[in-house]
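Worth knowing before you read on, the calculation uses all heavy atoms, side chains too, and leaves out hydrogens, waters and symmetry mates.
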Amino acid sequence: MTTEAAPVRRREVMVVLPGLLLAMLLAMLDNMIVSTAMPRIVGELHGLTHLSWVVTAYVLGTTVSTPLWGKIGDLYGRKNIFMVSIVIFLVGSALSGMSHTMNELIAFRALQGLGAGGLMVGVMAIIGDLVPPRERGRYQGFMAAVMAVAMVAGPLAGGFITDNLSWRWAFYVNLPLGAIALILLATRLRLPKYRTEHKIDWTGAVLLAIGITALVLITTWGGNQYAWGSWQVLSLVVVGVVMLVAFALVERRAAEPILSLHLFGNRNFTLSALIGFLLGFTMFGSINFLPLFQQTVQGASATNSGLLLLPMMAGLLVTSLVAGQAITRTGRYRLYPLLGGVLVVAGMVLLAQLDVNSSKTDSSLYMLVLGAGMGFLMQTTMLISQNSVAQKDLGVASSAATFFRSIGGSFGVSLFGAVFNQSLKSDITSRLGASAAGKLTSGGGVTGLTKSTLDKMPTSTVQALLHGIATATSSVFFWAVFISILVPIAAVFIKHVPLRSANAPTQDAPAGAGDADSTLVGAME
């Protein structure tokens with residue numbers, strides 16, 4: 001016999017939503033602000049050679065901890081664990097701001113990343129606890145709006161802080177936002193508790209952490225710090241494969257696995273994870289190079305390049321709102337991942353046409369199409385993933401969706417970075433010769449270019465460099481097309497499973513079920 005969880009009224013959700021969205025904003029805003037301030041940071045701390053480790057430490061912390069936060073939240077209660085992740089993130093932010101050496105900054109960024117791993121997972125899982133899948137679409141617009149604000153406000157805030165305040169405020173700015181989020185969540189958030197055995201698979205957690213670390217280091221170092229065929233990268237490949245195979249074997253026997261492998265027996269869950277990986281690979285891996293194109297070829301300032309992303313964010317926001325409202329009204333969702341995948345492919349095809357003569361209007365229209373596709377995909381695939389599992393596995397489903405998107409983005413940034421650098425060097429070599437190309441692209445790329453450095457170069461060199469950047473950017477999107485084509489193909493195989501109109505728990509969820517939950521205890525946190 002089953003009992004049905006009492007539905008949470010929309011007013012109660014709206015009361016706690018600001019705290020959740022603030023936490024989500026923290027996760028999305030941080031990297032964008034810090035990346036803008038990074039040149040000032042490495043200049044003051046004299047750590048240019050350690051620059052990549054500041055980014056790698058944060059990415060490692062986030063990626064390794066993401067699956068753990070979801071599982072621990074499932075076991076010990078979502079609210080308290082989510083608040084702990086915010087506190088860790090804020091402590092890491094404060095310590096990063098107080099760093100006096102690059103080694104300190106790297107260590108504290110890793111701590112900050114550990115907390116960040118729980119922010120997005122916590123928001124998605126808590127909304128999954130509060131709102132039945134059938135009603136969840138109406139809140140997609142709020143999350144899309146936060147993403148749009150972060151994408152635009154991040155570079156603007158980073159530029160303002162860098163120009164007018166100490167770089168340390170790139171980290172300190174998190175503290176008041178996080179404090180407000182904590183107060184709102186502590187006083188307003190009430191979640192149903194679910195009876196679950198309290199046991200963590202620490203062996204699986206360690207194996208997964210080592211395997212993920214190896215994967216992230218491969219994508220970070222491969223083709224940059226070390227050649228793809230070097231013993232360092234090949235050793236990491238071996239370590240990663242061995243650890244992940246061992247993890248899979250351990251998880252099959254674990255009483256409370258970190259990532260329940262039986263969930264992948266659910267077609268919709270597996271396809272959602274695959275689409276998330278592909279979306280992260282193509283989206284984060286390719287649009288990472290748009291600001292460079294805008295700042296050099298199109299002559300935008302570092303701050304204003306954030307504003308040039310507005311069309312993409314507008315497309316994302318509008319289609320996310322449309323899809324969310326339509327899903328809530330009709331309960332049908334299969335169309336939207338397919339439509340989103342087609343639009344993402346179209347956006348990549350259009351962006352592959354970028355060249356030195358492309359106007360800001362051209363690139364804005366192309367980004368609008370890409371953003372529209374992203375809006376149909378991002379929250380919809382999360383919804384499908386959550387609707388495919390039992391309530392007791394909601395945190396695992398949310399963390400898995402975030403995890404695969406993050407891993408995809410890590411692979412995409414690295415591999416497309418190699419494509420960009422190779423194409424850039426080849427194009428400049430054809431115009432200026434190998435010697436000049438080697439000097440212009442030394443250090444693995446040209447991301448440090450500014451208008452002032454371009455003004456000091458000969459006109460012929462500038463023209464060759466700008467042509468090379470435009471060609472390399474186009475090459476990235478050209479290859480991204482072939483990866484993005486897999487998104488609508490995967491979406492075709494998504495099966496329609498009716499969205500739950502309430503979080504109605506049952507004892508167990510069959511591998512292929514889409515409407516089972518766990519036993520609800522009536523107590524509130």
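Shown here for S358 and Q353, the closest heavy-atom pair between the two residues is OG-O, 4.0 Å. In plain terms, the two heavy atoms of A323 and F376 that are nearest each other are CB-CD2, 3.8 Å. When all heavy atoms of L465 and L424 are compared, the pair lying nearest together is O-CD1, 4.4 Å.
The main-chain N or O of T62 is found under 3.5 Å from a side-chain atom of T66 such that the two form a donor-acceptor pair. A donor-acceptor pair is defined here as one N or O able to donate and one able to accept, closer than 3.5 Å; such a pair exists between the side chain of Y333 and the backbone of V497.
Residue pairs meeting the side chain to side chain donor-acceptor pair (under 3.5 Å) criterion with at least one partner in residues 463-475, sequence neighbours excluded, are S423-S475, D427-H467, R431-H467, H467-T471.
Annotation: side-chain hydrogen bond (donor to acceptor under 3.5 Å, both in side chains) contacts of S272 (sequence neighbours excluded): none. With sequence neighbours excluded, no residue satisfies side-chain hydrogen bond (donor to acceptor under 3.5 Å, both in side chains) with T361. For T270, the side-chain hydrogen bond (donor to acceptor under 3.5 Å, both in side chains) criterion is met by no residue, not counting sequence neighbours. The side chain to side chain contact (heavy atoms under 4.5 Å, CB included) search around A209 returns V64, not counting sequence neighbours. F82 is linked by a ring pair (Phe, Tyr, Trp, His ring centres under 6.0 Å) to nothing, counting only residues two or more places apart in sequence or in another chain. Partners of F482 under the ring pair (Phe, Tyr, Trp, His ring centres under 6.0 Å) rule, at least two apart in sequence or in another chain, are F478, W479. Every side chain to side chain contact (heavy atoms under 4.5 Å, CB included) that V242 has, sequence neighbours left out, goes to V238. Residues that satisfy the side chain to side chain contact (heavy atoms under 4.5 Å, CB included) test with Q232, not counting sequence neighbours, are Y226, S230. A search for side-chain hydrogen bond (donor to acceptor under 3.5 Å, both in side chains) contacts involving T213 returns nothing, not counting sequence neighbours. Scanning for side chain to side chain contact (heavy atoms under 4.5 Å, CB included) contacts around A246 gives L207, with sequence neighbours left out.
Within 6.0 Å of CZ on F264 lie more than 12 heavy atoms contributed by other residues, nucleotides or ligands.
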Quiz: residues 334-348 side-chain donor-acceptor pairs under 3.5 angstrom, not counting sequence neighbours:
from : atom 1 : to   : atom 2 : distance (Å)
R334 : NE     : I494 : O      : 2.5
R334 : NH2    : V492 : O      : 2.8
R334 : NH2    : I494 : O      : 3.4

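In this structure the side chain of M367 never reaches within 4.5 angstrom of the side chain of M313, judged on heavy atoms. Between L244 and L208 there is a side-chain heavy-atom pair separated by less than 4.5 Å.
Note: Y366 and F477 fail the aromatic proximity criterion, with ring centroids not under 6.0 Å apart.
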